[in-house]
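Note sheet for the following structure.
Values below: all heavy atoms of this structure, side chains included; hydrogens, waters and symmetry mates excluded.
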Amino acid sequence: MTDDVMRFFAAWMLTHEAADDGMKAAIRRGDEGGAEGMGGGPDAFVDGLAAMVAEEKEKLKADLQARARGEEVAIERPTDPALEEVRFEVAELRGRLDNIESLLETALRKLGD
Amino acid sequence: MSSRSAEIVGVTLLGLVAELPRARFGLAPAHVRRAAWARGLRLSFERLGPAFVKLGQLISVRPDEFSDELVAEMQSMQDAVPALPAEVIRAVIAAEFAAAPEELFATFDDTPLASASIAQVHRATLAKPYRPVWGDALPAGADVVVKVVRPGAAESIRGDIAVARKLVTRLARTGFGRRFDPVALLDEFATTVERELDLRKEGQYADRFLFDFRDDPRVVAPRIVWPRTTSRVLTMEFMAGWRLSDLETARTAGVDCRALAVHGATAFMRQVFVYGRYHADLHPANIFVTPDNTIAYLDFGIVGFLTPEERMNITQVMAALVYRDPDRALKYSAELGVHVPQERIPAVRAGLGELLDGTTRPDGTRDFAHFGLGFLKLLGEYDVKIPSGYGLLIKSLATVEGVARALYPDIDIVATAQPFTTRILGRAMGDPARLYERMPLAIRAALRELVA
């Protein structure tokens with residue numbers, strides 16, 4: 001750390017610039033990671049991840065710009081998975097009851113015979 | 001020796017003897033001999049009935065345990081047997097429901113749609129509308145298929161398993177099958193077949209599949225009609241479409257095979273990596289391409305299950321393939337129970353690296369089957385035991401690749417897997433427990449880099 005404020009901000013800016021350059025390079029490598037570009041092991045995964053994060057960032061940017069222009073932006077609102085699961089379990093139970101009812105009808109027919 | 005044991009031994013020996021000329025009476029090169037014996041075994045299995053047809057299918061998904069020639073031969077096992085007369089099938093339906101098919105359905109077609117070793121399938125139409133567990137209601141008159149377990153199939157399979165158990169126990173004592181445990185293999189087989197013999201299980205998996213893919217209109221499965229279902233009879237929606245062997249007709253009808261190939265492969269990965277439940281009996285007859293540009297998954301007789309931990313470890317192994325990282329593949333395979341002895345790790349790692357480098361086909365796309373099956377083979381060569389389920393999963397992914405390639409030959413299944421695996425692992429990074437565990441290590445590594 002330096003006592004010179006200008007020097008401190010310069011160091012801060014440089015750190016950000018270096019980090020930004022590193023990230024851009026990772027995104028570029030991730031984007032290029034086709035059949036022949038992925039031989040880098042764990043680093044290749046980080047590059048791939050960076051490329052996907054960049055894609056997500058572009059989507060977010062586009063959404064925010066659209067919103068700033070006053071356009072309707074469809075916001076993905078996922079339904080509660082637990083609630084969906086309960087709905088399925090109830091439906092499954094109904095299926096089982098249908099099946100049991102059919103078994104009872106069969107038993108009655110057999111008794112009738 | 002019981003008469004059935006004698007029959008099994010006799011048919012198998014005859015099958016092998018018939019292949020002697022092909023093996024040039026033992027003088028042919030080793031791979032030709034192995035191919036001849038494999039063919040002999042396959043033909044014998046087809047002759048010996050349902051239990052052996054199923055056993056052959058199990059062998060076809062275990063390249064880790066059996067030779068390439070045997071696995072390839074068993075993959076061509078024909079599970080098509082002469083159809084039973086309609087009266088026999090009607091009798092099973094009558095025994096299950098105490099009613100004739102005409103009383104249960106609006107129409108019932110006596111001509112079978114298909115006939116396999118365990119079940120026979122007939123077309124029918126619903127007499128009444130039915131609201132299935134998931135999806136829109138099926139109206140009265142809707143086309144359905146009625147799958148009926150062949151009479152005697154269950155008893156014959158259970159009987160054969162009991163006989164096979166005696167033979168296999170004797171065989172195990174001789175030291176045959178040093179690398180695998182034949183008794184454990186038989187147990188696995190018996191469990192799979194028992195599950196397949198109860199058609200209600202298949203119906204439940206189909207319902208669950210429909211629920212899992214409720215947000216994807218391009219992936220469909222038949223809806224189950226529970227009032228017309230028992231353990232021996234399964235009634236489900238009729239799916240119209242083309243088999244993968246009839247794709248030209250599908251293309252002429254305007255089906256976008258390329259999009260379906262990518263979508264179908266993604267749907268399978270979703271089953272494995274997201275839900276941990278996957279259709280483990282995929283072959284061209286179990287997938288349809290429909291006129292509505294959807295993929296229909298059929299026949300949920302064999303389903304694989306994964307725990308959340310297994311799911312994450314498998315995702316890591318897939319990421320290892322996507323990003324060609326042998327260390328990641330070995331680390332997470334170990335988590336899945338593939339324990340490579342310490343002294344063999346360098347050799348296995350080197351072999352794995354070669355496999356990862358050799359997965360690119362001449363057209364530039366990568367070949368999962370080459371990697372997956374090669375990995376199983378490599379582990380087998382080093383006497384590494386492969387847990388049950390691991391081989392099945394790799395084989396299933398390889399089959400998905402084959403199916404996708406049948407739809408669209410230039411598909412790169414590994415590239416398709418890349419966003420999937422990356423996203424899942426990326427999401428896992430945000431797990432608070434994982435952050436708590438890894439953050440000190442991450443900070444330490446960052447500091448190490450800064451002061452290096």
If you compare all heavy atoms of [X] against all heavy atoms of [Y], which two are closest, and at what distance to 0.1 Å?
X: A:F88; Y: B:D207; value: CE1-O, 3.6 Å
X: A:N99; Y: B:T229; value: ND2-O, 2.7 Å
X: A:K110; Y: B:A98; value: CG-CB, 3.6 Å

Supply the atom-to-atom distance B:W134 CH2 to A:R87 CZ, rounded to the nearest 0.5 angstrom.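 It is 4.0 Å, given to the nearest 0.5 Å.
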Does the ring of B:F97 carry A:R109 above it, NZ/CZ under 6.0 angstrom from centre and within 45° of its axis?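 Checked: cation-pi criterion not met.
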Please report the C-alpha distance between B:L425 and A:F45 in whole Å, then the side-chain angles of each, then the deciding distance to 0.1 Å, and finally whether the side-chain contact (heavy atoms from CB on, under 4.5 Å) criterion is met. CA-CA 10 Å; B:L425 295 182; A:F45 174 74; 3.6 Å; yes
Quick check on [X] against chain A: is it the side chain, the backbone, both or neither that has a heavy atom closer than 4.5 Å?
X: B:A95; result: backbone
X: B:A99; result: both
X: B:L210; result: neither

Are the side chain of [X] and the backbone N or O of [Y] linked by a donor-acceptor pair below 3.5 Å?
X: A:D98; Y: B:P227; answer: no
X: A:R94; Y: B:P132; answer: yes
X: B:R214; Y: A:E84; answer: no

Quick one: do B:R423 and A:E55 make a salt bridge, cutoff under 4.0 Å? no
Tell me if the [atom1] atom of [X] is crowded by more than 12 foreign heavy atoms within 6.0 Å.
X: A:E58; atom1: CD; answer: yes
X: A:F9; atom1: CZ; answer: no
X: A:D20; atom1: CG; answer: yes
X: B:R444; atom1: CZ; answer: no

Taking every heavy-atom pair that is under 4.5 Å apart, which of B:R200, B:R328, B:R131 has the most such pairs with chain A?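 Most pairs with chain A among the choices: B:R131.
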With a 4.5 Å cut-off on heavy-atom pairs, point out which of B:Q204, B:R228, B:R208, B:M429 contacts chain A the most.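 Max contact count across the listed options: B:R208.
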Per-residue contact mode, A:E85 against chain B (heavy atom under 4.5 angstrom):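 When you check distances to chain B, atoms from both the backbone and side chain of A:E85 fall under 4.5 Å.
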